[in-house]
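Worksheet: the structure to be examined is printed underneath.
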Protein chains: 2
Amino acid sequence: MHQQLGEVVKERRSSLHLTQEDLADMAGVAVRTLKAIEVGKGNPSLSTLQKLAEVLGMEIRLEIKKLNK
Amino acid sequence: MHQQLGEVVKERRSSLHLTQEDLADMAGVAVRTLKAIEVGKGNPSLSTLQKLAEVLGMEIRLEIKKLNK
DNA sequence: CTAAAAAGGGCAGTATAATGCACCAACAAC
DNA sequence: GTTGTTGGTGCATTATACTGCCCTTTTTAG
């Protein structure tokens with residue numbers, strides 16, 4: 001269910017040539033926590049996601065769902 | 001910091017003519033929790049946000065930030 | 001191949017989100 | 001006025017996210 005967001009984080013992090021440790025340190029979250037998020041385990045809080053998003057140059061958005069499938 | 005998302009929830013809920021109790025029941029989250037989210041207090045988990053988003057016909061997205069401002 | 005770097009995971013302690021309950025405020029009726 | 005509806009809050013308990021420590025697996029560099 002959360003794999004999707006985790007994979008987005010992972011791909012974005014890779015494209016920026018950052019290791020999990022790099023990103024975790026820069027975002028101020030534990031490496032252990034980032035690892036769990038990237039593999040789709042756990043249920044991160046909004047603040048944790050936003051800390052990561054900030055470093056990744058991304059943002060969390062709540063949008064009306066596109067209606068298709 | 002989280003007011004933004006809370007306000008999105010609140011506005012979308014209103015536009016669907018749902019009370020906080022309606023939405024909370026439909027989404028399977030406690031009314032107490034929804035209230036906190038809408039006024040920007042607390043730090044909801046991804047699963048809580050997704051339950052609400054589902055009922056609201058919305059989705060959580062992690063996107064590359066538009067560079068402006 | 002070996003060695004190092006990076007990623008993944010188990011576990012236990014701490015911090016905090018989620019919840020129920022009880023209560024108050026604002027407003028609408030009327 | 002009272003009554004009902006809706007939204008906001010404090011508090012205590014329960015559930016769980018976050019963390020550090022340690023270890024294993026996988027990938028990368030040489």
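Order of the sequence lines sets the chain letters (A, B, ...), proteins ahead of strands, with each chain counted from 1.
Within the 4.0 angstrom heavy-atom criterion, base atoms lie near Thr33(A). Contact annotation for Val29(B): backbone-only contact, meaning every heavy-atom pair under 4.0 Å involves sugar-phosphate atoms and none involves a base.
Look at CD on Glu21(A): it is 9 Å from P on dA7(C), rounded to the nearest Å. Following rounding to the nearest Å, Asn43(B) (CG) and dA17(D) (P) show an atom-to-atom distance of 12 Å. In this structure, Gln20(A) places its CD atom 13 Å from P of dT27(D), rounding to the nearest Å. Note: CG (Asp25(A)) to P (dT19(D)) measures 11 Å, nearest angstrom. Put simply, CD on Glu38(A) is 11 Å from C1' on dA6(C), counting in whole angstrom units. Rounded to a whole Å, the NE2 atom of His17(B) is 16 Å from the C1' atom of dT6(D). Atom CG of Leu46(A) is separated from atom C1' of dA17(D) by 13 Å (rounded to the nearest Å). Taking atom CD of residue Glu7(A) and atom P of nucleotide dA7(C), one finds them 15 Å apart after rounding to whole Å.
No more than 12 heavy atoms of other residues, nucleotides or ligands sit less than 6.0 Å from atom CD of Glu21(A).
Distance from the side chain of Ala30(A) is smallest for dG20(D) among the nucleotides dT19(C), dG8(D), dG20(D). When distances are taken from the side chain of Ser45(B) to each of dA18(C), dG8(C), dG20(D), the shortest belongs to dA18(C).
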Q: May I have the step-by-step check of side chain to side chain contact (heavy atoms under 4.5 Å, CB included) for Ser15(A) and Arg12(A), ending in yes or no?
A: CA-CA 5 Å; Ser15(A) 77; Arg12(A) 176 66 174 167; 4.1 Å; yes
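Taking only side-chain nitrogens and oxygens, Lys10(B) comes nearer than 4.0 Å to OP1 or OP2 of dG8(D). Taking side-chain N and O atoms only, Thr48(A) has no distance below 4.0 Å to OP1 or OP2 of dA17(D). Between Lys41(A) and the phosphate of dG8(C), there is no side-chain N or O to OP1/OP2 separation shorter than 4.0 Å. Of the side-chain N and O atoms in Arg32(B), none sit less than 4.0 angstrom from OP1 or OP2 of dA12(D). At the phosphate of dA5(C), neither OP1 nor OP2 sits under 4.0 Å from any side-chain N or O atom of Thr19(A).
Without hydrogens or angle criteria, Arg61(A) side chain to Arg61(B) main chain gives no donor-acceptor distance under 3.5 Å.
Closest approach of Ala53(A) to Leu62(B), counting heavy atoms only: CB-CD1, 3.8 Å.
Between Lys65(B) and Glu54(A) there is a salt bridge, with a side-chain nitrogen of the basic residue lying less than 4.0 Å from a carboxylate oxygen of the acidic one.
Comparing Leu49(B) and Lys35(A) by the nucleotide of DNA chain C that holds the closest heavy atom to each, the one mapping nearer the 5' end is Lys35(A).
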